[in-house]
Every structure is written in structure tokens, then in C-alpha cells.
Amino acid sequence: MIDTLIHILLLLIMPPLLLGVINRVKAVFAGRCGPPLLQPYFELWRLLRKGSVFSSSTSWVFRAGPLVSLAATLTAALMIPFGGHGSPISFAGDLLLFAYLFALARFFTTVAALDTGSSFEGMGAAREVTFGCLAEPVLFIVLVALARESGFLSLTGALTYASGGMWPSGAAPLMLMAVALFILFLVENCRIPFDDPTTHLELTMIHEVMVLDHSGPAFGAILYAASLKLFVLGALVLHVALPFGAMQGWLGWISFIASMVLLAILTGVVESVMARLKLLKIPQVLLMALSLAAFALLLTVR
Amino acid sequence: MTLTGSLSFDASNVVVASALLLLLAGVPGLLCTTAAAGQRLAAALSVLAALVGIPAALVAAFSPPGSWLLFWGLPFGPARLVLDPLSCLFLLPVFLIAACGALYVVRYRPARTGYDRFLTVLYALMPGSMAFILLARDGLFFLAAWEGMALSAAFLMLADHEEAAVREAGILYLLATHTGTLLLVALFGVLYVVTGSFAFPATGALSAAAPMASLIFVLSLIGFGAKAGLMPLHVWLPSAHANAPSHVSALMSGVVLKMGMYGIFRTVTLFENIPLWWGVLVLALGTISAVGGVAFALGQHDLKRLLAYHSIENIGIIAMGLGIGMVGLSTGNSVIALMGLAGGLLHVLNHATFKALLFLGAGAVIHATGSREMDRAGGLLRVMPRTAAFFMVGAAAICGLPPLNGFVSELLVYLGLFRQAMGGSGVAAVLAVVAIPALALVGGLAVACFVKVVGVVFLGAPRQPLQQDAHEPGWQMLLPMGLLALLCVLIGLLPLAVAPLLEVAVGWHPLVQETHGTLATSAPLGWLSLMAVILLGLLALLTLVYRFMLRRAPCGTSETWGCGYLAPTPRMQYTASSFAASLVSLLAPVLRPHGHRPDISGLAPKPSSFASHVPEVVLDLVLLPLLRWSEERSSVLRRLQHGQLHLYMLYIFVVLLVLLLWAL
Amino acid sequence: MVSFLSNHLLILVMLLNFALLSTGRLSLAVRLATAQGVLLGLLPGILHPLNWHLMVITAGIILVKGVIIPWLLFSAIRAAEIKRETEPFLGFGATLVIGAAVTALAFLYVPRLPLLAAHQGHLFVPASIATLLTGFLLLTTRRKAISQVLGYLILENGIFIFGLLLAEAMPLMVEAGVLLDLLAGTFVMGIVIGHISREFSSLDTSRLSALREK
């Protein structure tokens with residue numbers, strides 16, 4: 001019961017902190033002081049109190065987009081374990097629901113973008129679905145490999161096994177899967193080198209360009225959903241990359257929070273030292289992630 | 001002609017009676033004074049047949065199978081009819097979509113001429129014949145009903161035969177369906193040789209070790225697969241479904257294709273044991289159809305052609321379920337068998353609901369824009385908000401998004417594949433491991449495709465002026481769509497409600513019977529309802545909070561942000577082709593898109609136009625060249641076709657003579 | 001422990017295959033091939049007990065594959081003034097996917113081979129076949145002469161991995177002969193590359209078809 005409460009509190013409160021950490025790391029690399037770590041929270045608070053402007057060509061679909069994608073991401077967050085502690089909701093087959101909830105969020109985000117009738121947002125939506133198509137098989141290959149190794153069809157079962165019992169025998173496939181998932185994590189969360197969350201040059205963006213027309217509380221919901229997605233997929237990467245299995249009780253929670261912050265720092269470092277890829281290169285990198293994941297699967301099946 | 005059986009008032013007799021009512025629903029209308037009145041009468045009778053037939057079929061599925069003998073005076077003995085749970089399951093979409101379509105057409109295409117009277121009769125004859133296909137347990141009667149369906153579908157899809165494209169599609173359809181029928185004739189011939197009767201063997205009566213077993217299976221796979229539209233036997237499907245009137249497309253795509261899948265399911269039930277390679281073959285074909293269908297759909301900009309390609313995709317998903325289920329049967333794994341077969345069957349029901357819904361919605365779109373081209377539409381949500389909402393439900397359901405029905409059946413298929421990939425070994429496990437990411441890719445591509453459809457057709461601003469009186473269609477068109485959308489939501493929210501039906505329908509096999517009642521325990525159907533409640537609860541909460549915030553702070557309206565450009569026009573919106581361009585170019589080695597690129601040169605280039613197009617690769621680049629080649633090679637045979645009547649009589653005479661000599 | 005180390009080295013080798021298939025930058029490709037060669041040079045040292053035979057082979061391999069061949073190739077790149085493999089016959093993404101499929105095939109094929117029981121748990125045979133086929137892929141899909149040389153090198157690496165299983169039985173002279181062969185081959189290709197680039201002012205080997213007798 002306590003664990004469930006902590007899980008829900010963590011997923012509600014912690015995500016924007018990661019954005020703050022990433023921004024701080026990037027600022028340090030650029031030789032600036034950077035905004036306070038809690039800046040994303042302030043921004044969310046500010047957006048929630050603001051008024052909204054709606055485009056005259058939009059309909060209820062535009063307003064539903066951010067809400068549906070936030071609800072779907074929150075639901076998915078209930079099914080992923082956080083650091084050695086099982087998730088509040090877990091059943092055989094939940095990994096499929098987890099993946100498809102993100103597809104639901106993608107559907108509504110892109111449809112809302114097309115509702116504005118702007119060609120720029122159409123571009124962003126087209127890119128989002130294109131890269132989504134290539135990213136989903138990567139996730140599923142990793143899930144098959146984990147399910148086959150662990151014998152579990154639930155995220156908690158499979159991921160707990162990956163961060164526990166699988167380490168001695170399957171370090172190599174786990175590392176490969178971690179790399180593939182990290183690429184997936186960067187793509188899905190629109191980080192450099194795949195997309196730039198800070199640029200406002202519309203032609204080069206994916207996620208940011210889709211939400212150009214949202215304002216006020218709806219934009220706050222988008223920002224929050226994005227940080228939540230970062231958090232949830234980050235937890236997925238960490239479970240494959242780190243052996244949480246040894247950590248029990250409070251140690252598990254503390255080590256999870258610490259490694260989440262470390263992941264954010266790593267993301268910030270990647271963003272600082274890498275340039276953006278050409279858009280045409282992104283499918284190729286995703287194919288590379290696909291090959292890595294397939295290779296890892298091959299090593300586990302063998 | 002007499003019918004014998006247990007003629008008491010029980011559910012299975014009611015089902016047969018409503019099938020007969022459906023078959024002849026158009027006939028009384030011929031006596032009406034106007035064609036329109038006849039059409040309304042036919043609609044009323046079809047709806048009545050569905051209202052009686054669907055509950056009766058649901059009851060009959062849980063009763064002992066009913067059987068009848070029809071003495072119809074033809075040689076080879078009486079026709080046999082049996083109603084078992086598998087037939088009941090396939091009967092549900094037949095009744096449902098027939099009634100929806102019959103009601104829809106009253107507003108969509110009101111009957112005026114004598115020709116329309118003919119079409120009204122056929123529109124009841126087609127689903128009626130399908131009901132009898134499902135009841136038939138005898139080769140001859142089956143083929144008669146099969147041809148009744150195929151021919152009435154042909155006439156119905158030729159309704160607009162003034163257009164050359166429609167005629168061409170119709171001829172292609174007739175060629176394909178009769179090639180398929182030819183193989184079915186061969187199939188029943190082989191069955192006759194094996195069993196000595198045209199009656200279907202009893203369930204599980206054939207042994208796969210028998211000499212002709214594999215021949216029987218392959219013949220049925222090709223013959224029925226051509227009707228179902230499995231790739232690469234799908235060549236006739238896109239143009240046929242695109243060129244038929246929308247209510248006919250809904251029936252063809254929603255139900256006629258399922259008759260092909262029914263044939264394959266039925267053939268599988270005849271065998272007591274199945275070799276592994278049958279299941280592997282079906283799974284492989286299903287995977288190819290699913291990926292290929294959705295990839296080609298992505299490149300289309302004709303709304304109905306796109307939906308037609310999605311039918312190929314969904315037939316592929318059904319075949320994947322059937323294939324992995326067959327693998328489970330042959331390896332003796334009852335859970336995999338249950339998951340695969342139940343997933344395939346549930347997808348039959350689901351695809352019937354959402355694909356019919358989407359085709360009916362497409363009809364409404366065509367009414368409003370006067371064209372099937374998506375790039376001429378836009379912003380229809382403002383004109384027809386209810387149609388748009390129903391269409392969006394169908395679009396989300398066909399993408400397999402939770403909490404709608406498409407997700408439930410895909411989940412069952414996934415679970416079968418995962419269990420095979422986790423525990424199995426050998427070629428079946430390898431194929432399952434490949435099929436899982438393939439199915440994920442299908443999901444991703446389907447989302448891309450339907451985001452494109454919904455976004456381009458219903459959202460944004462109109463790209464071209466709409467028809468003068470573009471408005472929300474009448475209740476006769478809205479009610480069927482709303483009903484189908486409601487079903488998509490209900491099955492998605494309460495999947496446990498359909499579980500018993502699926503269990504009895506797959507219960508023919510002793511292996512699955514052992515696990516009777518475990519669909520609820522081995523698949524997380526109850527959990528899905530819970531998660532749907534959580535998702536919708538969160539959404540409701542967020543909506544309330546959002547509304548509260550909107551009311552508290554000022555709210556303005558303005559133009560869409562044009563990124564600094566001051567004179568945006570609706571024609572600058574992203575089109576269907578541009579939305580799919582990057583994915584199509586990634587898939588170019590398979591899709592072979594070709595474009596007409598304008599030549600732009602000089603300082604002041606002349607106005608020019610650009611167009612791109614994804615062809616039907618199997619037909620245009622493989623089949624037609626092959627046929628042309630064989631036509632050239634066999635031109636010698638043309639001399640036999642010279643127009644001299646007496647020489648034709650000579651051919652017949654010679655054949656008779658040869659047969660006589662052979663018989664000596 | 002030995003099999004743990006060697007298996008992970010071989011996984012790295014196969015990852016290098018993927019990287020080679022997906023890059024178009026020639027200098028990076030040469031570095032990757034060098035890394036693969038050096039990794040493979042370390043393998044005999046891990047597998048077998050130390051003796052002078054082994055040390056000579058290891059030193060020779062690292063010298064040839066890690067120093068001389070890369071030096072030759074880099075000078076050829078400099079001489080020909082090219083940086084990238086542009087317009088390969090098949091796109092980088094497609095070759096990568098085929099490469100992954102081919103690796104999977106190698107893994108599926110191995111259980112059918114009549115291997116010694118001692119060799120069955122190892123990755124040698126699948127890694128060898130996968131690397132060999134990767135070399136073929138590079139040879140058939142790339143246009144530039146330097147990529148062709150790299151393909152040839154990778155192919156040889158594949159054969160080398162297979163040879164590791166037989167290293168006990170493989171005489172020093174055979175090993176040395178193979179290395180010398182490789183060196184001479186690369187050397188000749190280096191000269192040819194220089195000539196191609198001077199004659200056709202490009203390194204496109206498909207242009208060589210112009211030399212065909214009419």
C-alpha cells in the first residue's frame with residue numbers, strides 16, 4: 001500500500017524535475033548558470049493560470065488532444081515498475097497495453113496538430129508518425145527478448161527479472177537492449193540528436209512544431225505529459241541497464257531516484273556534446289537500434 | 001422442395017427463418033408502387049431479420065447444433081444444413097451489417113428507377129446467400145450459395161456501370177471470384193474422392209495423414225484466400241471495393257471477405273490433427289498480408305481504396321490469429337490455440353463492425369465533397385460533427401488503440417504469438433518472433449494512415465468548396481454508423497462479455513475443449529475493462545479540471561499561427577500525399593511509387609502540376625505483364641476462336657467422341 | 001571465464017559489422033575495420049595457452065591489420081581526396097537490415113552443423129559466418145574501391161574467426177602466408193585505387209566496365 005502510494009506520488013511529482021536537471025546540465029556545458037532546477041514546475045504553474053487562444057479552424061479534437069495523451073501516459077505509468085518495486089497494476093499482457101497506450105497518445109497528439117490546418121504542424125505530425133512506426137518494433141523486440149528470458153508477460157515480471165536474475169547470464173544482450181532502448185528514449189522524447197526541444201525554428205522540429213498552437217492550461221498539460229513520458233521511458237531504460245534487483249525497500253526507492261537523476265544528467269550531456277542529425281538520417285539510426293535489439297534477441301534465443 | 005429437421009420453435013429454427021427472411025427481404029418491395037417504397041420495405045424487413053436473427057443466433061450458439069435436410073430435387077441427394085457455434089459467430093456480422101446497410105441506403109442512394117428495384121432485391125439476396133453459405137454442410141449447396149453471393153455482389157458493385165473504371169473493376173472481380181470458385185469446385189471434387197459424398201465430413205473426421213489432406217488444405221487456402229483477399233491473392237480487391245457504392249463496399253469488406261476466412265476455418269475443423277506447416281504457412285501469409293496491406297494503404301489518396309487496402313491488412317491479422325492457433329493445435333499447446341483462434345474470430349467480428357462503419361462514413365464524405373479524393377476534402381467535422389465523431393471511433397478502433405475493440409482482438413493474437421515465442425522452438429517460434437515486431441509495425445503504420453485520413457478529411461479547413469448542401473446526413477445514415485461505433489466501444493470496454501461466444505466457437509477441437517472457460521483466466525480481459533475505466537476516469541477528471549480553468553481565465557480566438565507567413569490559404573495545408581510522403585519513400589522498394597514531376601526551369605517558370613501515385617504492384621508489375629507475356633506466347637491458340645459456328649459444333653462432337661472412346 | 005571473454009569479444013566484432021554496414025564515412029569505416037582486426041588479433045591470446053608461436057601470430061596480426069593496412073588505406077583516401085561512400089548500390093538502411101537478417105540466419109544455421117561438443121556453446125561459428133557474409137554484403141553493395149577493400153578485409157576476418165577453432169592445428173607458416181596475402185592484396189588495391197582515381201577522376205568501380213572489350 002505504501003509502495004503504491006510512493007509510486008503514484010513519484011510519477012505525479014518527479015517528472016518535471018528531470019527537465020530541470022537536463023536544462024541545468026546543458027547550461028553548465030554552455031558556461032551559463034542556467035535556470036533553477038525547479039523552473040519547469042514554475043512554468044507549469046504559470047501556464048495553468050494563463051488564458052488560452054484557440055485558432056478559428058480548430059474543433060473539439062484540438063482541445064481533446066493534450067488531455068487524451070496525458071491520460072494515456074498516466075495510465076501507462078501505473079504499469080511500469082520503479083526500481084525493484086512492482087508497479088501498482090500488473091497483469092500478464094500489460095506490456096502490450098503499455099505500448100498501445102503510447103500509440104493512443106500519439107494518435108491524439110498528431111490529430112490535434114492536423115486540426116489547426118497549419119502546414120508546419122502537418123509536417124511535424126507526419127514526422128512524428130513516421131518515426132513512431134520505426135520505433136515501435138524496437139520496443140516490441142526488446143519486450144519479446146525480455147519475455148522469453150524471464151517467462152513473464154507482465155512489465156513488472158519481465159523488468160524485475162531483467163534487473164535481477166538475468167545479469168549474470170545475459171549481460172551482453174542486456175547492454176545491447178539498453179543501448180537500443182536509450183536511442184528509443186531519445187527519439188520518443190524528442191531529444192537531441194533527433195529533435196530539439198528548445199528550438200523554435202519550425203521547419204526542423206518534430207514535437208515542438210506539433211504543439212505550436214496550444215496555449216494556456218492545454219500547453220501545460222502537453223509539457224507535463226512530455227516530462228511524464230520521459231520519466232516512464234527512462235524507468236524502462238534503467239530497468240534494463242541497471243541491476244536494481246539487489247536493492248530492497250527504501251534503498252530501492254532511493255537508488256531509483258538517484259539513477260533517474262543520473263539518466264537525466266546523461267541525457268543532458270548527450271544533448272550538449274552532439275549535434276542534431278539530419279532528418280533523413282533519423283530512420284537510419286532507428287534501423288540501427290532495431291538491429292541492436294534484434295541482435296540482443298538473437299543472443300537470448302540462442 | 002421440402003425441408004426436414006426438428007421443426008419446433010427453438011433458436012436454431014428461428015435463425016434459419018430469419019436467414020430466409022433476409023434472403024427474400026427485397027422481393028415484397030417489387031409489389032410496391034414506387035421503387036423508393038420498395039426500398040424502405042426491404043430495409044424494414046432486413047432490420048426485422050437482424051432483430052430476430054442476432055438474438056436467436058446468440059442463443060443457438062449455446063444450444064446443441066440444429067440440423068436440417070433440404071430435398072431440393074437435384075441429383076446427389078438432399079442438401080444438408082447445420083447450425084453450429086462457429087456458424088452462429090459468423091452469422092452475427094451478416095445480419096448486423098446487412099441491416100445497417102439496408103437502412104443506410106434508403107438515404108444514401110434512394111431508389112428511383114426499375115434498375116434500382118433490381119439492386120434492392122440483390123442487396124438482400126447477397127447477405128441472405130451468405131447466411132446460407134454458413135449453414136451449408138454439403139458441397140453443392142455451398143457452391144450454389146457461394147455463387148449467389150459472388151454474383152449478386154458483382155451486380156451490386158457494377159451499380160455505376162456507366163463509368164469505365166467501375167466496369168474494369170467489375171470484370172477483374174468476376175475473373176478473380178470465378179478463378180476462386182474453380183478451385184473450390186476442385187476442393188469439393190477431391191473431398192468427394194476421399195469421402196465418397198458431397199456432404200462435408202464430420203468435425204475432426206479427416207486425418208491429416210490421409211494422402212489428399214494437404215491438397216485439400218492448399219486448395220481451400222487458395223480458393224478461400226482469393227475471396228478473403230490474402231496477399232498476394234488480393235489483386236481484385238482494392239479496385240472492387242473502391243468502385244462499389246459505399247453501402248456495398250461495407251457489406252463486401254465487412255462480411256464477404258469473412259466468408260473466405262470462414263471457409264479456411266471450416267476446412268481446419270474437418271481435420272482431427274494438423275501438420276505444423278499448415279499453421280506456419282497461414283501465419284506467414286497473414287503476416288505478409290498485414291504488413292503489405294497497410295503499407296499500400298498508406299500510399300493511397302482515394303479514401304475508399306485506402307480502406308480497401310486496410311481490409312487486406314485486417315484479413316492478415318485474422319489469418320495471423322488463425323495461423324498461430326493452428327500451430328498451437330498441432331503442437332498440443334491449448335493456451336496458444338485458444339488465444340490464436342479466439343483472437344482471429346474476435347477480429348472477424350471487430351473488423352466487420354469498424355470497417356463497415358468506416359465505409360459508411362466514407363459514403364457520407366463522398367456525399368459532402370462529391371469525390372473519393374481525400375485531398376479535395378477537409379474540415380468536414382464542422383459540417384458533419386456526428387459523422388466525424390463516429391468515423392474517429394472507427395479509425396481509432398482499426399488502429400487497435402485501447403480502449404476499443406480492435407485492441408482486444410490484437411491483444412489475443414499478440415498473446416498467442418508471445419507464448420509461442422517464449423516457450424516454443426523451431427520454425428514456428430522463429431516465425432512468431434518475426435511476427436510480433438511485424439504486428440507492431442502494422443500498428444504504427446495503421447496509426448500513421450488513419451491520422452492522415454482523419455486529419456485530412458475531417459480536420460483543418462476545406463481544401464475545395466464543398467457541395468452546395470453539404471450537411472449532416474439523415475438519421476437513416478447516422479443510426480447505423482452510431483450503432484456500429486457503439487459496438488466498437490462496448491466490445492472494447494467489456495471484452496469479457498464476448499468471451500463465452502468465442503469459447504464455444506473454438507470449442508470444436510478436443511484440445512481446446514479441455515481448456516473450456518479459460519479465456520477469462522488466460523487472457524487479461526477483466527483487466528482491460530479496469531484499465532479502460534481508469535483511462536476514461538482520468539480523462540473525465542482532466543476534462544473537468546480543464547473546463548474549470550478555461551472558465552476562470554480569458555479565452556480568445558485567432559487565426560492559426562502561420563509561422564510569420566501572412567497569407568496562408570487552405571490549399572497550403574498538408575495533403576494526404578504529403579503526409580505519407582516520408583513513409584512511402586522509406587517503403588519505396590516495395591511500393592514503387594511513381595510521380596509526375598513538373599519541369600521547373602528558367603526565371604519565371606510556367607504554372608505546373610505535381611502528382612504522385614502508388615500502383616497496385618502485384619497486379620500492375622507482376623500479374624499483368626505475366627498475362628501479357630502468356631497471351632503473346634499462346635496466340636497460336638487464338639486460331640481455335642474463329643467464329644465459324646459449325647466448327648465449334650465439331651469441337652463438341654470430337655470431345656464427345658473422345659469421351660465415348662475413353663469409356664470403352 | 002575464457003568463453004565469457006571470447007563470446008563478448010565476438011559480440012563486439014558482430015556489432016562492428018553492423019556499424020560498418022551503416023556508415024558512409026570512409027575514414028570511420030577504415031577505423032572500424034581496424035578495430036575489428038585488432039580485436040580478432042587479441043582472441044588467440046585469450047583462447048590458447050601462451051607460447052612463442054602464439055605471440056608471433058598476435059604481434060603479426062596486430063601489426064598488419066592494426067597499423068600497416070589502415071595506414072595504406074588512409075593514404076589512399078588522402079590521395080584520392082574522397083571522404084564518403086556516396087550512392088551505394090543499395091541504401092545504408094537496407095544493407096543494415098539485410099546484415100541483421102544475415103546474422104540471424106547464421107545463428108539459425110549453426111545448430112545444424114556437426115560441431116564438436118566443446119565448440120557448441122561458443123559464438124565462433126555464427127560470428128564467423130555472419131562476418132563472412134557481411135564482407136560479401138560490403139563487396140556487392142558498395143561502389144567505391146576503398147569500400148571494396150574493406151569488404152575484402154572483413155571477409156578475411158570471418159575466415160580468421162573460423163580458423164581460430166583450428167588454431168592448434170594451424171601451422172605458423174599458413175597463418176603468416178594468409179597475412180602476407182592480405183597485405184599484398186591491400187597493397188595492390190592501393191595502387192589500383194590511385195590509378196582509378198587518376199584515370200576516371202572518381203573511385204567508382206562500376207566505371208571499370210568501360211574497360212570491357214566492345
Side-chain angles (χ1 to χ4, degrees), chain A residues 48-57 59 61 67-68 70-72 74-75 78 91-94 96-97 99-101 103-104 106-107 110-111 114-120 122-123 125-127 129-130 132-133 136-137 140-141 144 147-148 151 153 202 212-213 216-218 221 283 297 301, chain B residues 379 381-382 396 399-402 407 411 414-415 418 421-422 433 436-437 440-441 443-445 447-448 450-451 454-456 459-461 523-524 527-528 531 534-535 538-539 542-543 546 549-550 553-563 568 570 572-574 578-583 586:
Chain A
L48 289 187
R49 283 174 310 152
K50 273 199 153 218
S52 313
V53 180
F54 293 105
S55 156
S56 52
S57 75
S59 60
V61 176
L67 303 181
V68 175
L70 179 56
L74 276 171
T75 315
L78 291 175
F91 53 89
D94 62 359
L96 298 161
L97 184 60
Y100 271 74
L101 279 170
L104 178 70
R106 176 177 299 130
F107 184 88
T110 44
V111 164
L114 286 174
D115 198 16
T116 60
S118 149
S119 45
F120 295 107
M123 255 176 235
R127 289 169 190 163
V129 294
T130 305
C133 283
E136 245 163 53
F140 272 82
I141 291 178
V144 175
R148 190 177 160 101
L153 269 172
E202 297 85 351
L212 269 181
D213 259 87
L297 175 64
V301 169
Chain B
L381 187 136
R382 292 172 174 277
C399 296
L401 298 179
F407 177 69
L411 178 84
Y414 265 124
L415 285 177
F418 261 94
M422 283 158 68
V433 165
I436 290 168
L441 180 67
L445 289 171
V447 167
F450 276 95
V451 166
V454 170
V456 170
L459 305 179
W527 283 103
L528 288 189
M531 295 314 288
I534 291 180
L535 178 69
L538 278 172
L539 187 59
L542 287 172
T543 311
Y546 184 52
M549 285 172 177
L550 279 187
C555 218
T557 311
S558 143
E559 291 282 294
T560 295
W561 168 235
C563 301
M572 288 167 60
Q573 294 174 91
Y574 239 42
S578 47
F579 189 83
S582 46
L583 271 172
L586 275 178

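Residue numbers start from 1 in every chain, and the chains themselves are labelled A, B, ... in the order their sequence lines are given, proteins ahead of strands.
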So which part of [X] gets closer than 4.5 Å to some heavy atom of chain B, the side chain, the backbone, both or neither?
{"X": "Ala99(A)", "value": "neither"}
{"X": "Leu78(A)", "value": "side chain"}
{"X": "Asp213(A)", "value": "side chain"}
{"X": "Val61(A)", "value": "side chain"}
{"X": "Pro217(A)", "value": "both"}
{"X": "Ala218(A)", "value": "both"}

If you tally heavy-atom pairs under 4.5 Å between each of Val68(A), Thr116(A), Thr130(A) and chain B, the highest tally belongs to Thr130(A)
Give the member of Ser57(A), Pro137(A), Gly51(A), Ser52(A) that has the highest number of heavy-atom pairs under 4.5 Å with chain B.
Ser52(A)
Just so I understand: if I count every heavy-atom pair under 4.5 Å between each of [options] and chain A, which residue has the most?
{"options": "Leu411(B), Val451(B), Leu441(B)", "answer": "Val451(B)"}
{"options": "Ala448(B), Gly455(B), Ala553(B), Pro554(B)", "answer": "Pro554(B)"}
{"options": "Pro402(B), Gly443(B), Gly400(B), Ala421(B)", "answer": "Pro402(B)"}

If you round to the nearest 0.5 Å, how far is [atom2] of [Y] from [atom1] of [X]?
{"X": "Glu559(B)", "Y": "Ser55(A)", "atom1": "CD", "atom2": "OG", "value": "7.0 Å"}
{"X": "Leu96(A)", "Y": "Leu101(A)", "atom1": "CG", "atom2": "CG", "value": "11.0 Å"}
{"X": "Ile534(B)", "Y": "Leu538(B)", "atom1": "CD1", "atom2": "CG", "value": "7.5 Å"}
{"X": "Ile436(B)", "Y": "Ile141(A)", "atom1": "CD1", "atom2": "CD1", "value": "10.0 Å"}

Please find the pair of heavy atoms, one from [X] and one from [Y], that lie closest to each other, and give the distance.
{"X": "Arg106(A)", "Y": "Val129(A)", "value": "CD-CA, 4.4 Å"}
{"X": "Ala92(A)", "Y": "Pro524(B)", "value": "O-CG, 3.1 Å"}
{"X": "Cys399(B)", "Y": "Phe450(B)", "value": "SG-CB, 3.7 Å"}
{"X": "Gly93(A)", "Y": "Leu415(B)", "value": "CA-CD2, 4.0 Å"}

Answer with side chain, backbone, both or neither: which region of [X] has an atom nearer than 4.5 Å to a non-hydrogen atom of chain A?
{"X": "Leu542(B)", "answer": "both"}
{"X": "Leu535(B)", "answer": "both"}
{"X": "Phe407(B)", "answer": "side chain"}

Take the angle between the ring planes of Phe418(B) and Phe140(A) and call it parallel below 30°, perpendicular above 60°, tilted in between.
tilted
